[in-house]
Amino acid sequence: MWLQIIPNDVMMFRGSRPFAAGQSFVARSSFPPNPQVMTGAIRTAVIRDSGTSFQDFGQRNISATLEEKIGLAPVRGKSVGSLGKLQLRGPFVCKISQTAEAEAIERLFPIPQGVVFDKEQQAYIILQPSKSARKDIHTHEDFDTWCPLIIEGQSKLPASEASER
């Protein structure tokens, strides 16, 4: 089953570091949110819709049906929680296009780091491992199988071009 979550307002996500006055930490945003964040949001919605209080859920005083759906809350110092049958893949960022006939949902993914945009060719290029350039590299034996990534057909990428690509 797919769940589509459309916020009513701006959604902001950040790391788990403390964020208080006088602290030397900087809050860093993270998007998309971790799967644990989305799991918590889904579990919260299911608990709310079931009519069960959050206090009862925290004390594990819930119906067998609800326990089967979303599992049990952890009890500090006693036992870990569980997720029941709840499984999550994602979250995925989507683009929704609406036409008169239907709604199209397109999942969006970040471009892999091994892909660069070539301004001259106006195209994306996949960097390839370079076996020939390995002879110029002197490194620790743990990295013997590593090799640089280059654009196919080039032996090396000049530094001036690397900053533009």
Side-chain angles (χ1 to χ4, degrees), residues 1-118 122-130 142-152 162 165:
M1 168 173 65
W2 285 90
L3 292 178
Q4 182 179 353
I5 298 174
I6 301 174
N8 291 329
D9 202 348
V10 175
M11 293 174 48
M12 299 168 83
F13 304 97
R14 67 174 185 87
S16 59
R17 295 188 118 182
F19 188 64
Q23 297 281 334
S24 61
F25 301 113
V26 175
R28 304 235 186 262
S29 65
S30 67
F31 191 83
N34 292 332
Q36 295 92 329
V37 172
M38 300 311 294
T39 302
I42 292 166
R43 288 176 86 187
T44 299
V46 170
I47 293 166
R48 184 197 62 219
D49 292 347
S50 74
T52 303
S53 74
F54 294 109
Q55 183 176 6
D56 284 343
F57 178 73
Q59 294 172 355
R60 295 183 163 197
N61 185 19
I62 61 173
S63 70
T65 306
L66 187 58
E67 180 182 340
E68 184 179 355
K69 280 184 185 177
I70 63 166
L72 295 170
V75 177
R76 184 174 289 166
K78 294 183 181 176
S79 63
V80 297
S82 65
L83 293 178
K85 289 186 174 183
L86 180 63
Q87 295 180 358
L88 182 71
R89 291 197 175 65
F92 300 107
V93 177
C94 297
K95 176 182 175 184
I96 302 172
S97 304
Q98 197 113 25
T99 63
E101 299 85 37
E103 179 179 82
I105 299 174
E106 177 183 8
R107 280 187 282 175
L108 305 174
F109 298 95
I111 295 175
Q113 292 182 348
V115 175
V116 295
F117 184 76
D118 188 324
Q122 290 294 304
Y124 289 97
I125 298 173
I126 299 173
L127 298 176
Q128 302 290 324
S130 169
D142 291 344
F143 301 103
D144 276 348
T145 59
W146 291 31
C147 56
L149 297 175
I150 63 164
I151 295 173
E152 191 175 333
R165 293 181 188 242

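Bear in mind the structure is a predicted one, so any value in this text is a computation, not a measurement.
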* When you look at Met38 and Leu3, which way does the side chain to side chain contact (heavy atoms under 4.5 Å, CB included) test go after all the steps? -> CA-CA 11 Å; Met38 300 311 294; Leu3 292 178; over 6 Å; no
* Any idea which heavy atoms bring Gly90 and Pro35 closest together, and the distance? -> O-CG, 3.3 Å
* **From CA spacing to verdict: side chain to side chain contact (heavy atoms under 4.5 Å, CB included), Phe57, Ile70** => CA-CA 10 Å; Phe57 178 73; Ile70 63 166; 3.9 Å; yes
* Least distance between heavy atoms, Cys94 atom then Leu108 atom -> C-CD1, 4.3 Å
* Structure fact -> Note: Arg60 and Gly81 closest approach over all heavy atoms is NH2-CA, 4.0 Å
* To do: Apply side chain to side chain contact (heavy atoms under 4.5 Å, CB included) to Val93 and Phe31, showing your working.
  => CA-CA 9 Å; Val93 177; Phe31 191 83; 3.6 Å; yes
* Counting heavy atoms not belonging to Gln122, are there more than 12 under 6.0 Å from its CD? -> yes
* Asked: Counting N and O atoms only, with roles assigned by atom type, does the side chain of Thr52 sit under 3.5 Å from a partner on the main chain of Ile47, one being a donor and the other an acceptor?
  -> no
* Might you point out which heavy atoms bring Ile62 and Gly71 nearest each other, and give the distance in Å? => CD1-O, 3.7 Å
* Answer yes or no: are there more than 12 heavy-atom neighbours, outside Tyr124 itself, under 6.0 Å from its atom OH? => no
* Parallel, tilted or perpendicular for Phe109 and Phe92, by the 30°/60° rule? -> perpendicular
* Structure fact -> So CG of Leu72 and CG of Asn61: to nearest 0.5 Å the spacing works out to 11.0 Å
* Show your reasoning for whether side chain to side chain contact (heavy atoms under 4.5 Å, CB included) applies to Arg43 and Leu83. => CA-CA 9 Å; Arg43 288 176 86 187; Leu83 293 178; 3.6 Å; yes
* Is the closest side-chain heavy-atom distance between Glu103 and Ile105 below 4.5 Å? -> yes
